[in-house]
Amino acid sequence: QVQLVESGGGSVQAGGSLRLSCAASGYNANRACMAWFRQVPGEERERVAAIDTNVGKTVYVDSVKGRFTISRDSAKNTMYLQMHSLKPEDAAMYFCAARDFYYRDAARCVGAISDYRYWGQGTQVTVSS
């Protein structure tokens, strides 16, 4: 049974930093297409960053480029999202997600939100101004 468990959320002031973790079990996160999403109540879920954990290729939504870094630790079967220079508009519930198959093609690996089969329970990030 695949489980993704997020941790690391919390409350910070604008300009602060947080590191989110996504620990995977029952799933090989070392050769996978995974991503971080976020959602604010009443709005659609947004992909923040995605990673091909096999080769380390990453993509980011424009609003977080230069501030967020997605990464993985093969030994720990864990994915991370390091967030710096947080803004109030970054406040949201953050989810990690994983696709059920690995795709070497970068575009296929990122896919659409509907392509992600496995989801964590979410971790809340609050940013005060």
Side-chain angles (χ1 to χ4, degrees):
Q1 182 178 359
V2 175
Q3 280 193 315
L4 302 177
V5 179
E6 302 100 333
S7 61
S11 296
V12 296
Q13 290 191 325
S17 300
L18 284 172
R19 189 178 80 155
L20 307 183
S21 300
C22 173
S25 60
Y27 182 82
N28 181 8
N30 300 322
R31 183 181 168 83
C33 301
M34 300 182 72
W36 286 97
F37 291 80
R38 65 186 179 189
Q39 188 170 25
V40 175
E43 297 185 10
E44 292 187 355
R45 194 167 293 190
E46 172 190 43
R47 180 170 42 224
V48 174
I51 184 169
D52 174 333
T53 63
N54 184 42
V55 299
K57 187 175 177 61
T58 59
V59 294
Y60 299 91
V61 67
D62 286 346
S63 60
V64 307
K65 285 180 180 177
R67 301 189 298 120
F68 290 13
T69 302
I70 188 172
S71 64
R72 85 292 194 202
D73 184 326
S74 299
K76 296 182 178 180
N77 211 36
T78 297
M79 178 178 67
Y80 301 97
L81 186 68
Q82 178 68 58
M83 305 184 293
H84 293 299
S85 302
L86 282 161
K87 304 176 181 180
E89 52 264 42
D90 294 318
M93 183 72 79
Y94 282 71
F95 300 89
C96 69
R99 299 193 63 177
D100 51 0
F101 296 109
Y102 172 69
Y103 298 94
R104 295 183 66 180
D105 177 79
R108 290 194 71 189
C109 192
V110 173
I113 183 172
S114 57
D115 294 325
Y116 288 81
R117 178 175 179 180
Y118 306 110
W119 291 84
Q121 81 288 350
T123 185
Q124 183 69 44
V125 172
T126 303
V127 184
S128 58
S129 56

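Just so you know, these numbers use all the heavy atoms, side chains as well, and skip hydrogens, waters and symmetry mates. The shown structure was predicted, so the numbers you read here are calculated from the model rather than taken from an experiment.
Following chains of ILVMFWY side-chain contacts shorter than 4.5 Å, one can reach Ile51 starting from Leu4, so the two form part of one hydrophobic cluster. When the side chains of ILVMFWY residues are joined at heavy-atom separations under 4.5 Å, either directly or via intervening members, Val61 and Leu81 end up in a single hydrophobic cluster. A continuous path of ILVMFWY side-chain contacts below 4.5 Å connects Val125 to Val48, so both sit in one hydrophobic cluster. At a threshold of 4.5 Å between side-chain heavy atoms, the hydrophobic network of Ile, Leu, Val, Met, Phe, Trp and Tyr places Val12 and Trp36 in one connected group.
At least one donor-acceptor pair closer than 3.5 Å links the side chain of Thr53 to the backbone N or O of Ala32. Remark: the backbone N or O of Met34 is not paired with any side-chain donor or acceptor of Arg72 at under 3.5 angstrom. Side-chain atoms of Asp73 do not come within 3.5 Å of backbone N or O of Thr78 as any donor-acceptor pair. Without hydrogens or angle criteria, Glu6 side chain to Gln121 main chain gives a donor-acceptor distance under 3.5 Å. The backbone N or O of Ile70 lies less than 3.5 Å from no partner atom in the side chain of Gln82, so there is not a single donor-acceptor pair.
To the nearest 0.5 Å, the span separating NZ on Lys57 from SG on Cys109 amounts to 10.0 Å. Once rounded to the nearest 0.5 Å, the distance linking CE of Met83 with CZ of Arg19 reads 11.5 Å.
The number of heavy-atom neighbours closer than 6.0 Å to CD of Gln13, taken from other residues, nucleotides and ligands shown, is 12 or below.
Scanning all heavy atoms of the two residues, the minimum distance from Val2 to Gly26 falls at CG2-O, 3.3 Å.
Phe68 places a side-chain heavy atom less than 4.5 Å from the side chain of Leu86.
Residues Lys87 and Asp90 are not paired through a salt bridge, judged by the lack of any N-O separation under 4.0 Å between the basic side chain and the carboxylate.
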What donor-acceptor contacts under 3.5 angstrom involve side-chain atoms of residues 96-104, with partners at least two apart or in another chain?
from	atom 1	to	atom 2	distance (Å)
Arg99	NH1	Arg108	O	2.1
Tyr102	OH	Asp52	OD1	3.1
Tyr102	OH	Asp52	OD2	2.9
Tyr102	OH	Asn54	ND2	3.3

*List the steps and the verdict of side-chain contact (heavy atoms from CB on, under 4.5 Å) for Arg67 and Tyr60.*
CA-CA 10 Å; Arg67 301 189 298 120; Tyr60 299 91; over 6 Å; no
*Full working for side-chain contact (heavy atoms from CB on, under 4.5 Å) between Arg38 and Val64*: CA-CA 12 Å; Arg38 65 186 179 189; Val64 307; 4.0 Å; yes
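For residues 109-129, the set of pairs meeting the ring pair (Phe, Tyr, Trp, His ring centres under 6.0 Å) definition, not counting sequence neighbours, comprises Tyr27-Tyr118, Phe37-Tyr116, Phe37-Trp119.
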